[in-house]
Amino acid sequence: MKLSWKNLLLWSLPAIIIGFFVWQGFFVSTSNDVNNNIASSRMTYGRFLEYIEMGWVKKVDLYENGHTAIVEAIGPELGNRIQKIRVELPNSAPELIAKLKTSNIDLDAHPIKNTSAFWNLTGNLFFPILLIAGLAFLFRRSNNGAGGPGQAMSFGKSKALFQMEAKTGIVFDDVAGIDEAKEEFEEIVTFLKKPECFTAVGAKIPKGVLLVGSPGTGKTLLAKAIAGEANVPFFSISGSEFVEMFVGVGASRVRDLFKKAKENAPCIVFIDEIDAVGRQRGTGIGGGNDEREQTLNQLLTEMDGFEGNTGIIVIAATNRADILDAALLRPGRFDRQVSVEVPDFNGRLAILKVHAKNKKIDESISLEIIARRTPGFSGADLANLLNEAAILTARKRKDFITLNEIDAAIDRIIAGMEGTPLIDSKSKRLIAYHEVGHAIVGTLIKDHDNVQKVTLIPRGQARGLTWFTPSEDQSLISRSQIKARIMGALGGRATEEIVFGNAEVTTGASNDLQQVTSMARQMVTRFGMSNIGPLSLESEDVNPFLGRGMSASSEYSDEIAIKIDEQIQEIVRECHEKTLKIIQDNRVVIDRLVDLLIEKETIEGEEFRKIINEYTSVPIK
Ligand code: ADP
Ligand code: ZN
């Protein structure tokens, strides 16, 4: 018997509650029987006797063992119409019966005792019967399951379990910029189309392929393209949909999914976000999760259950393979891993070409410009970018997408919705100084990225923004580049200090300071860029079960901890000093730039550098 008592209790609870109410309902309705039947008006026993004397009473029905009488009477007081009146009778009124007899009044006693006994009995039995029936139902269901932990009730079935697309309509040409991953899959397409080629030589095709890559890099798209190219159905489900509140539901979904897949083989089964079910088991943080483990076990069982060459290929996607349970990665399961990277310049260009096909873009725009401006954008971001630009174009009732819309769309994707500009005020001046501070430090330090524009138009949470053109290669950053970034980030607060004085600095720099601290800390603890030496003292996000930041496990002594703090302070102090100096030395041009910025709201990078160059030379980057 696979049904645990915990489950049993869980499921029988609603039955008990429902049973109770239904039972109560029956009970009430039995005792109401007499009321339903009968008149709303009442009279006293005394008056009833008077009515008899007057000869107005035509008929008496006795209920409830002679305690209640329903009297049919007619008389001038009753408007000369026969009316039913209820009378409560005293406990012993034997003389009444005699009186009725002598007055020749029709008398009937209703054996209520009996009907009510029947209903009481039924009422009493109803609840246990319901419970027993419920339990029997549960056990039957649980034994039906193919040895699994029971499909308790039909909850597993009530929601859409998985999607099935008979034809995805997506081909490899729709997927761009991830050519290595595509190549890996061409073989699988060949297998799905001509399995004999492989089976003839005794080759086994992998049952499972794991796609690893950050969100929006095209993992789903690629899986669909495989199904589309091979012309086989595509089943998909997301790992987060497996994990339900009730133990056993996820497992039953896995079972259903594979049952359908087997009926439709050859086919592709796509499991998105597999980390939601497939995390390492038994790590114990936050308590065990029965449901997830059962679901994972079921998934492993199903994957072992079908032969390698049945034509079902399971493709799973995750953005981190390192947290997956080792059992998932064993041979015969997801033994192949294909990583899908965020596209580089050429990749972005290729993706833009795919998505520009059905859009009207002004001929003056080359997609290269867009690709160059969007380092770090995923395929989904790029698709979204062109779509946003198209929406903006339509809103302006223009015929073609121009660079304006593209720019606006890029800004929007990176920094959020545009707000309304501030009205002229002291705080607007302060924000202008803050932003010009970032921009001038960024411009005058050699290792900093170029300023693309400075603006006072709010966006998302930010009330002013300085945009930098990111360099293409963000993967290797030198020590002086990090320091330059720290100084750039400090530039806003430093300018506030110098221009408005220490007492006037604002909370506006809190985000900047967070970044500063985090960069300085990483220099010391991860990159070996302090005088503590080339030690890795903290690793990034080691434990996926804890929130970011909480995970930094201290693998060092308290003395080192003190040194780390000293070093972080030292780095920030040094950068802060240098930043203050840059601001002081360039106060004149800063004032001019602030006036211009308040007037124009936005200054482009070119113009910004040109003005600075009139006062001091901008380093060539
Ligand atoms: P993931 O599954 O990796 O999170 P998706 O496959 O769902 O990402 O991508 C979302 C959308 O982004 C796709 O439908 C497609 O329009 C676009 N996209 C993402 N990557 C690419 C790519 N390499 N080539 C073309 N379009 C892409
Ligand atoms: Zn700032």
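Order of appearance sets the numbers: ligands from 1, and atoms from 1 within every ligand.
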Should the ring pair Phe500 and Tyr433 be called parallel, tilted or perpendicular, given that the plane angle runs from 0 to 90° and is split at 30 and 60?
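Perpendicular.
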If only atom types and distance count, is the side chain of Arg609 paired as donor or acceptor with the main-chain N or O of Val451 below 3.5 Å?
yes
Strictly under 2.8 Å, is any N, O or S atom of Glu435 next to the Zn ion (ligand 2)?
no
Is Arg412 paired with Glu388 through a side-chain N to carboxylate O contact shorter than 4.0 Å?
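Between Arg412 and Glu388 there is a salt bridge, with a charged N closer than 4.0 Å to a carboxylate O.
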Ion pair check, Lys453 and Asp411, cut-off under 4.0 Å:
yes
Determine whether any heavy atom of [X] lies closer than 4.0 Å to an atom of ligand 1.
| X | value |
| --- | --- |
| Ala176 | yes |
| Pro215 | yes |
| Val354 | no |

Among Ala380, Gly216, Ala181, closest by any non-hydrogen atom to atom 1 (P) of ligand 1
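Looking at heavy atoms only, Gly216 sits closest to atom 1 (P) of ligand 1.
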How is the N/O/S atom of Asp512 that comes nearest to the Zn ion (ligand 2) named?
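For Asp512, the N, O or S atom at the smallest distance from the Zn ion (ligand 2) is OD2.
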Please name the pair of heavy atoms, one in Arg459 and one in Trp467, separated by the smallest distance, quoted to 0.1 Å.
CD-CZ2, 4.2 Å
Using a 3.5 Å cut-off on N or O atoms only, is [X] in polar contact with ligand 1?
| X | result |
| --- | --- |
| Leu221 | yes |
| Gly218 | yes |
| Ala383 | no |
| His355 | yes |

Report, in ascending order of atom number, the atoms of ligand 1 lying under 4.0 Å from any heavy atom of Asp174.
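Here the atoms of ligand 1 in question are 24 (N), 25 (C).
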Which atoms of ligand 1 sit under 4.0 Å from any heavy atom of Ile351?
22 (C), 23 (N), 24 (N), 25 (C)
What angle sits at the Zn ion (ligand 2) between NE2 of His434 and NE2 of His438, to 10°?
90°
Under 3.5 Å, sequence neighbours excluded: what are the donor-acceptor pairs made by side chains of residues 581-590?
residue, atom, partner, partner atom, Å
Lys581, NZ, Asp585, OD2, 2.9
Asn586, ND2, Ile582, O, 2.7
Arg587, NE, Asp591, OD1, 3.2

Mind running side-chain contact (heavy atoms from CB on, under 4.5 Å) on Leu392 and Arg395 for me, showing each step along the way?
CA-CA 5 Å; Leu392 281 176; Arg395 208 179 280 157; 3.7 Å; yes
Suppose we screen for side-chain contact (heavy atoms from CB on, under 4.5 Å). Which residues come up paired with Ser214, at least two apart in sequence or across chains?
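Checked Ser214 against side-chain contact (heavy atoms from CB on, under 4.5 Å); matches are Thr217, Val342.
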Side chains of Thr469 and Gln452: any donor to acceptor distance under 3.5 Å?
no
